[in-house]
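Predicted model only: the values in this text are computed from it and were never measured. Note that the numbering runs from 1 along the sequence shown for the chain. Heavy atoms only: backbone and side chains are in, while hydrogens, waters and symmetry mates are out.
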Amino acid sequence: MVRTLSLVGLAATVAAQFNINHTQYGTSPPVYPSPQMSGAGGWEGALEKAQAFLAELTTEEKAQIVTGTAGPCVGNIGPIERLSFSGLCLQDGPLAIRQAIYASVFSAGLSSAASWDRRLVRQRGAYIGAEFRGKGAHVALGPVVGPLSRSPFGGRNWEGFSPDSYLSGVLVEESVYGIQSAGVQACIKHYIGNEQETQRNPSTVNGTTIEAISSNVDDKTMHETYLWPFANAVRAGTASIMCSYNRINGSYGCQNSKTLNGLLKDELGFQGYVMSDWLATHSGVASIEAGLDMDMPGGITFVIPNPSFFGGNVTTAVNNGSLSTQRVDDMVLRIMTPYFHLKQDVDFPPIDNFSSRLGFFPASEYLYNFTLGPIVDVRQEQHAQLIRDLGAAGTVLLKNANGALPLKTPKNIGVFGNDAADLTQGQYSLSSTGTTLFQGDYNIGTLAVGGGSGTGRFTYVVSPLEAIKARGRSYGAIVQYITDNEYLTLGGLAALAPAPPEVCIVFLKSWASEGSDRSTLIAEWNSTVIVNQTATLCNNTVVVLHGAAPNTMPWRDNPNVTAIIAAHMPGQESGNSIADILWGDVDPSGRLPYTIANEETDYAKNLVNSTALVTSTDPDAWQADFVEGNLIDYKEFDARNASVAFEFGFGLSYTTFNISNLQVQVNGSNASRTPNPAAPVRPGGNIELWATLATVSVTVSNTGSVSGATVPQLYLSYPEEANAPHRSLRGFEKVVLSAGISGTLNFPLTRRDLSYWDTRTQQWTLPTGAIEVHAGFSSRNLPLRGSLTV
């Protein structure tokens with residue numbers, strides 16, 4: 001039977017949005033009606049095509065366009081054969097087309113962020129988009145900026161970029177440009193406040209439904225931190241945004257009219273469509289009126305016992321007058337306009353047949369005739385090279401005592417740790433449940449990406465041990481290795497005592513996956529014992545960490561630990577990437593996109609979980625008040641003036657750099673405090689927010705003896721009226737310089753960069769006082785200082 005569509009009026013919807021029984025920290029006032037798209041941002045011609053297509057649709061076909069259905073992809077919109085519309089194929093994920101074979105597995109968002117390299121990140125997006133298109137996927141479910149990494153313990157932080165909203169904003173913008181340049185729709189996720197896995201969905205305790213966690217966020221924090229990177233994505237023209245599982249200020253993310261209608265479609269001028277996360281829709285008309293345009297996944301399957309809230313219910317609601325045709329038409333236009341804009345109606349490849357074998361739905365339940373093509377190989381040599389290059393670029397050298405690295409030609413190399421080896425439990429880590437089919441938390445095997453829907457199916461992985469053995473063979477070295485951590489903790493290194501290696505390389509890993517949050521920030525599998533035992537044997541111990549980050553390092557000050565490398569999640573070329581860094585083929589130019597604390601207890605955990613909550617029968621018990629505001633990661637440590645192990649933006653090189661000659665140029669004077677409210681709103685918001693009001697320039701010099709790359713960074717400190725963090729990143733650029741060469745870098749500063757969000761006027765507002773300017777090589781290495789007034 002078709003589930004009856006709730007015909008609850010807007011009054012009940014409004015009441016639901018104020019259903020905050022346990023907190024009043026953040027509120028989501030109602031915003032209705034849902035704004036209609038205009039085609040702004042260069043979509044006007046595509047909108048005309050979508051309008052012509054819309055004019056041919058019946059009410060039932062309109063409902064079909066906005067509702068997921070059974071099909072070969074992880075998400076499907078059914079075809080309409082009479083209009084030559086072949087439907088839409090939506091596929092995971094942010095680093096690979098997961099539901100496929102013969103596809104590449106790229107670096108995770110975390111590794112991309114650690115590169116601080118705009119060019120490589122855009123190229124990554126373009127190659128990912130090309131592989132999705134080659135497999136017949138219209139929509140790539142990524143990239144990720146939610147979670148932003150409010151908590152360092154967040155289980156899906158690795159899918160996104162950085163807890164810094166500015167850095168995440170730049171990289172998601174580059175990613176959207178890259179993906180959509182290949183003619184594939186980007187879907188930015190998860191909107192918004194999706195900052196923990198624990199209780200992200202409703203649960204049941206003793207027969208009582210316990211609602212998903214509510215992220216309670218104040219208006220200033222929402223704009224200055226969590227909404228910031230979504231604005232960049234919208235400005236880049238993203239086709240779609242996926243609303244999240246969690247509640248926001250008491251209202252579910254896919255039914256919150258303030259965040260969907262108010263912030264996204266009105267304030268940011270978003271022209272595309274909002275799709276639900278899978279099973280994140282909790283109502284019909286109420287969600288539609290609040291701004292949801294597409295319900296996923298839809299259909300009746302063995303996985304989901306109930307049908308969609310949309311589908312036939314939309315038709316019923318339109319026919320009985322409880323849902324306006326105008327709203328449904330706008331939903332269809334928002335879905336179809338990006339389709340035409342990216343020319344997906346012209347010579348788009350058929351859906352790769354392999355998808356149907358691992359589909360979310362069994363083929364017997366397909367309601368529509370999807371066109372399937374052959375299994376195709378979309379991997380390219382340049383894709384593999386990009387993965388290798390970006391893997392190295394996202395590798396951060398944290399310690400390098402006595403010039404331990406780069407390696408020269410050591411003749412006796414030791415390789416230890418379970419992360420060094422090739423995979424032993426398969427090439428696909430969809431789940432962390434430990435099942436045989438989709439093993440996740442594996443004991444032995446390198447951790448090149450995390451688990452869950454954001455993972456990839458490897459066709460190959462170059463393990464660190466494989467790459468090091470190959471490098472050693474090239475000049476006749478001995479490579480001794482033990483990859484069983486249990487054996488190592490039992491004294492396995494004793495066998496090496498007669499012939500200790502010249503260098504011992506220890507590979508550690510930290511597992512992370514969708515569905516659960518991290519329980520510790522120390523690498524798992526007895527990592528501390530293994531490092532200390534290795535360092536006792538070997539006075540030249542290099543430690544490499546793969547997987548989730550940040551990691552705290554109890555052994556970091558051991559004098560025999562001569563080098564530490566954070567290698568993150570580099571993808572299928574993992575071993576080659578780390579070998580390139582170890583032997584100095586590539587200068588380590590990665591920089592930390594997060595802060596590494598001295599101890600894991602130094603972080604504000606910002607993760608709601610307790611035994612009392614797990615067993616509570618209070619439906620509204622799970623509440624996360626974002627009382628820290630904008631003070632997450634380095635901004636938190638700066639506010640407390642707390643010491644850290646390695647600060648945000650930090651990273652060493654094999655050469656040295658100097659920064660000098662800071663210059664500030666303000667474009668004009670006496671700028672208005674707020675943007676002109678009559679200025680057009682284009683994707684990304686009021687166009688005046690993106691106007692450059694000042695430019696800061698610096699001179700960067702390579703003062704060492706070899707070529708290398710560095711990342712000069714610009715931070716601003718705002719006057720007291722802004723109530724802002726001590727310092728905020730507002731510019732960066734990776735630069736490659738030969739030894740002895742200098743170059744000038746310019747950092748343009750937009751009105752948004754220079755403003756704070758005034759909750760009283762509801763405007764981005766320029767401060768009246770001077771803004772301090774700091775430039776250097778990390779958040780705590782800022783030798784240059786100036787000021788500007790606009």
Side-chain angles (χ1 to χ4, degrees), residues 34-41 43-69 71 73-80 83-91 137-141 180 183-189 191 234 237-243 254 260-261 264-265 269-278 280-281 284 287-299 308-311 314-315 318 323-345 348 368 370 683:
S34 187
Q36 295 185 38
M37 73 170 303
S38 65
W43 288 12
E44 292 85 357
L47 175 58
E48 290 183 6
K49 292 184 178 180
Q51 288 168 333
F53 179 82
L54 173 68
E56 299 295 323
L57 297 177
T58 66
T59 301
E60 290 76 13
E61 288 168 337
K62 293 175 185 178
Q64 176 182 328
I65 293 289
V66 305
T67 308
T69 186
C73 305
V74 73
N76 307 271
I77 295 297
I80 302 174
L83 296 179
S84 300
F85 174 59
S86 60
L88 297 177
C89 170
L90 292 65
Q91 297 281 43
H138 300 85
V139 183
L141 300 177
Q180 297 195 168
V184 169
Q185 301 180 35
C187 176
I188 312 304
K189 57 185 190 180
Y191 184 78
V234 172
T238 184
S240 177
I241 287 179
M242 181 187 292
C243 52
C254 295
L260 299 181
N261 289 339
L264 186 58
K265 293 184 176 180
F270 177 54
Q271 298 295 300
Y273 58 99
V274 177
M275 79 167 69
S276 73
D277 204 339
W278 271 229
T281 307
S287 293
I288 291 171
E289 298 284 15
L292 181 63
D293 301 303
M294 180 188 289
D295 179 43
M296 279 290 161
S308 169
F309 283 98
F310 284 24
V314 171
T315 304
V318 169
L323 179 62
S324 72
T325 299
Q326 186 179 49
R327 172 68 188 112
V328 176
D329 287 352
D330 183 64
M331 296 161 70
V332 173
L333 292 175
R334 286 178 174 274
I335 293 168
M336 294 305 301
T337 298
Y339 171 83
F340 288 113
H341 176 68
L342 295 174
K343 298 179 172 56
Q344 294 183 332
D345 58 322
F348 201 84
Y368 301 95
F370 288 90

- L54 and M336: CA distance, side-chain angles, deciding distance, side-chain contact (heavy atoms from CB on, under 4.5 Å) verdict: CA-CA 9 Å; L54 173 68; M336 294 305 301; over 6 Å; no

- Query: Knowing that exactly one of I77, V74, D277 qualifies, which makes a side-chain contact (heavy atoms from CB on, under 4.5 Å) with M296?
  - Reply: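 Testing M296 for a side-chain contact (heavy atoms from CB on, under 4.5 Å) against I77, V74, D277 leaves exactly one candidate, I77.
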
Is there side-chain contact between [X] and [Y], with heavy atoms separated by less than 4.5 Å?
X    : Y    : result
M275 : L90  : yes
V274 : L264 : yes
I188 : M242 : no
Q36  : Q326 : yes

Grab the two heavy atoms, one from [X] and one from [Y], that are nearest each other, plus how far apart they are.
X    : Y    : value
I288 : R327 : O-NE, 2.9 Å
L292 : L260 : N-CD1, 4.0 Å
V66  : D293 : CB-O, 3.3 Å
T337 : A50  : OG1-CB, 3.5 Å
G39  : L47  : N-CD2, 3.8 Å
F53  : I65  : CE2-CD1, 4.3 Å

- Got a sec, which residues hit ring-ring contact (aromatic ring centres under 6.0 Å, His included) with Y339, two or more places apart in sequence or on another chain?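 For Y339, the residues satisfying ring-ring contact (aromatic ring centres under 6.0 Å, His included) (neighbours in sequence not counted) are F85.
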
Spell out, as yes or no, whether a donor-acceptor pair under 3.5 Å connects the side chain of [X] to the backbone of [Y].
X    : Y    : result
S276 : W278 : no
N76  : C89  : no
T69  : G78  : no
T238 : V234 : no
R334 : M294 : no
K265 : G291 : yes
Q91  : C73  : no

For [X], all residues meeting side-chain contact (heavy atoms from CB on, under 4.5 Å), sequence neighbours excluded:
X    : result
E56  : L83
E60  : T58, T315
A40  : S38, Q271, R682, P683
F348 : R133, H138, Q344

At what distance, to the nearest 0.5 angstrom, does [atom1] of [X] lie from [atom2] of [Y]?
X    : Y    : atom1 : atom2 : value
F310 : L323 : CZ    : CG    : 9.0 Å
S324 : E289 : OG    : CD    : 6.0 Å
I80  : E61  : CD1   : CD    : 4.5 Å
I335 : F340 : CD1   : CZ    : 12.5 Å

- Message: Between M37 and W43, does the side-chain contact (heavy atoms from CB on, under 4.5 Å) criterion hold? Intermediate values first, please.
- Response: CA-CA 10 Å; M37 73 170 303; W43 288 12; 4.3 Å; yes

- Message: Once disulfide bond (SG atoms under 2.5 Å apart) is applied, do any residues pair with C187, and if so which ones, sequence neighbours excluded?
- Response: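 Once residues adjacent in sequence are excluded, C187 has no partner under the disulfide bond (SG atoms under 2.5 Å apart) criterion.
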
- Message: For a quick check under 3.5 Å, do T67 and D295 share a side-chain donor-acceptor pair by atom type?
- Response: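 Absent: no donor and acceptor within the cut-off.
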
- Give a yes-or-no answer on whether the side chains of T281 and S287 include a donor-acceptor pair shorter than 3.5 Å.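 Per modelled atom types, T281 and S287 side chains form no pair under 3.5 Å.
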
- Query: Any salt bridge between K62 and D329, counting N to O under 4.0 Å?
  - Reply: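 The answer is yes: the pair qualifies as a salt bridge.
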
- Query: Given the rule in the side-chain contact (heavy atoms from CB on, under 4.5 Å) test, do V328 and V314 qualify, once you have shown the distances and angles that lead to the verdict?
  - Reply: CA-CA 8 Å; V328 176; V314 171; 4.0 Å; yes

